[in-house]
Protein chains: 2
Amino acid sequence: MTAISLRAWQVVLDAVELDLLEGRLSPGDHLPPERTLAADLGVGRSSVREALRVLEVLGLIRTAAGSGPSAGAIIVARPGGGMSSLMRLQVAAQGFPVADVVKTRLVLEGFIVAELAEACRTSTPDLTSSAQILTAMEEHSLTEAEFLALDAQFHLSLAEASGNLVITATMAGLRSAIEGYARAGALGLASWPKTSARLMLEHRSILRAILTGQADAARLAVQAHISGYYAETHLTAH
Amino acid sequence: MTAISLRAWQVVLDAVELDLLEGRLSPGDHLPPERTLAADLGVGRSSVREALRVLEVLGLIRTAAGSGPSAGAIIVARPGGGMSSLMRLQVAAQGFPVADVVKTRLVLEGFIVAELAEACRTSTPDLTSSAQILTAMEEHSLTEAEFLALDAQFHLSLAEASGNLVITATMAGLRSAIEGYARAGALGLASWPKTSARLMLEHRSILRAILTGQADAARLAVQAHISGYYAETHLTAH
DNA sequence: GACGAGCTGTGGTCTGACCACACACTATAC
DNA sequence: GTATAGTGTGTGGTCAGACCACAGCTCGTC
C-alpha cells in the first residue's frame, strides 16, 4: 500500500474524485445517498458527511434534504464558491497578507483587460453587462456599500467576459477577501463623493481603452485604479 | 436575524472565522477540544467535526490525536494546501478547463519571473534553492516522474522567491491540477530525452534572464516554456 | 379527474460509545 | 538519585443508532 491508515473521510473524498476523473460522475449527477456511500466504502456515515461537507464548501456539490430529483447531493462544480471561502478564511487567519492579495489582483486584472482589449481588435466580446453596471453606478442615490458592491461586480464582469473560469474564480475569491477591508477603508476616506467620482471616471476610461483595443492603456488604467484605491484606503486606515 | 436556520457546521465555521478576525485566535493557537467547542456553541460534536474537516482541507488547521502541546487542532494557516485540493477537484469535476489553468499559470509565472528579474537589478533575491533544483535535475538517472516533480518544484520555488503568498498558493494549486495531465502527456512524447534536455535548457535560460535582470526576456522565456510543453503534450495526447 | 393524507427516502443533527494515540505522571528497580 | 516501565488522562477518529424536517410520491377518497 502506498498510503497506510488513510483517514476515513479521505477515502470518501478520493473515491468521489476518482469517480469524477473516470467519468462515472459528471456535473448534474446525483451522488449516492450518504448511507449507501458509507456502506459501499466501508466507513461510517459520519465520515461520509465530513467528506461531503468539504465538497460542499469547495463548491463541488449542492445538498438538499427531502426526496425527488432535486434532493440529495448533486455535483454542481460551481467554480469560485470554494475560492471565496478559502481566501476569506486564509486572510482571516493571516495566511494571506492583504498586500499580496492586492498585487495578485493587479496581475490578473491587468491581464484580463489587456486580453479583452486585444480581442476587441478582431471581434466584439460581450461587455454589455459591464457597461450596464457602470450605468447603474452613476445613480447618485447609492450608498457607499451599494457603490462598492457594484464596483466589485464590474471588475468581476470583466473577468467573466474574458471567459477564463480559473481567473474568474480566483478574482471572485480575492474580491471577497478584500471586501471587508475596502469597506472599512472607505469609511475613513476624506471625501467619499470625490473618491467615488474618481472611481467612476477610471472605470469609464478602462472600459473605453478595452473597447478601442488599447491593451496597454487598459492594463495601466486598471492597475492604477486598483492600486490607487488600495493606497488611499490603506493610508487613511492607519 | 439576517440568516435563519444556519447549518450547525456553519455556525462553527463562522465562530472560528470571527475568532480569527477579532484576534482571539492566531496562527499557532490551539482550538478548544471538539467536545468543548460543541458544548460552547450549542451544537453536536459531529457538526463541529464537519466544520473542522473543512478548515483542515482548507489548510487552516492541523489536527493530531493524543495529548500534549502538539495534539489537538492547531491554527496553521498553511496557504496552498487548500488551494491544491480545490483546484484538483474542480478540474476533476470539469469546473476548470485545463486550458484556462494553463493560461492562468502563464500570467502568474510571467509576472513572477519579471518581478524577480526587476528585483535582481537592485538587490539579490534568494534563488539558491531554485538553482539547486536545476542542478539536481541534471542527474541523468532520473525517471520521468522524478524529473517532472523537480520541474514543478523549480517553478514553485520561483513563486516562493517572489515572496507573494497568494500567488505561491495559487501556483501550487494550479500545478497539482496539471500534474496528472502533464504526467500523462509525457508518456506519449516522441522522445523524452530530447524533451527533457530542452526543458533543462529553458530552465537555465529563465534563471539566467532573472539573474541578469532581463525582465521581459524572463517573462517570454517562462511563457514559451510552459505553453511549449503544454502544446507538445496536448498534441501527443490526442 | 382532483384532491388530500399518509408513506418513503433523503439530508441534518445529536448522543453515546469505543478505539488509538501521545503525553504526563507515578511507582518501581537499580 | 536516576532511569525505566507502567499507568492515567485527554485528545482526535470512527462508528452505530436514533430522531427530526423536509420534499416528493402513492394511493385512496370524493
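Below, chain A is the first sequence line, B the second, and so on; all start at residue 1.
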Nearest whole Å is fine: how far is C/dA22 P from B/Arg62 CZ? 12 Å
Integer-rounded Å distance: C/dG9 C1' and A/Ile74 CD1: 15 Å
So, using side chain to side chain donor-acceptor pair (under 3.5 Å) as the criterion, who are the partners of [X] when residues are at least two apart?
X: A/Gln153; value: none
X: A/Thr128; value: A/Asp126
X: A/Glu115; value: B/Lys103

Which residue pairs pass the side-chain hydrogen bond (donor to acceptor under 3.5 Å, both in side chains) test when at least one of the two sits in residues 36-55 of chain B, sequence neighbours left out? A/Arg49-B/Glu50, A/Glu50-B/Arg49, A/Glu50-B/Arg53, A/Arg53-B/Glu50, B/Glu34-B/Arg45, B/Glu34-B/Arg49, B/Arg53-B/Glu56
Just by protein heavy atoms under 4.0 Å, how would nucleotides 9-18 of chain D read 5' to 3' in B, S and -? -BBBBBB--B
Only counting residues at least two apart or in another chain, list the ones meeting side-chain contact (heavy atoms from CB on, under 4.5 Å) with A/Ser85. A/Val57
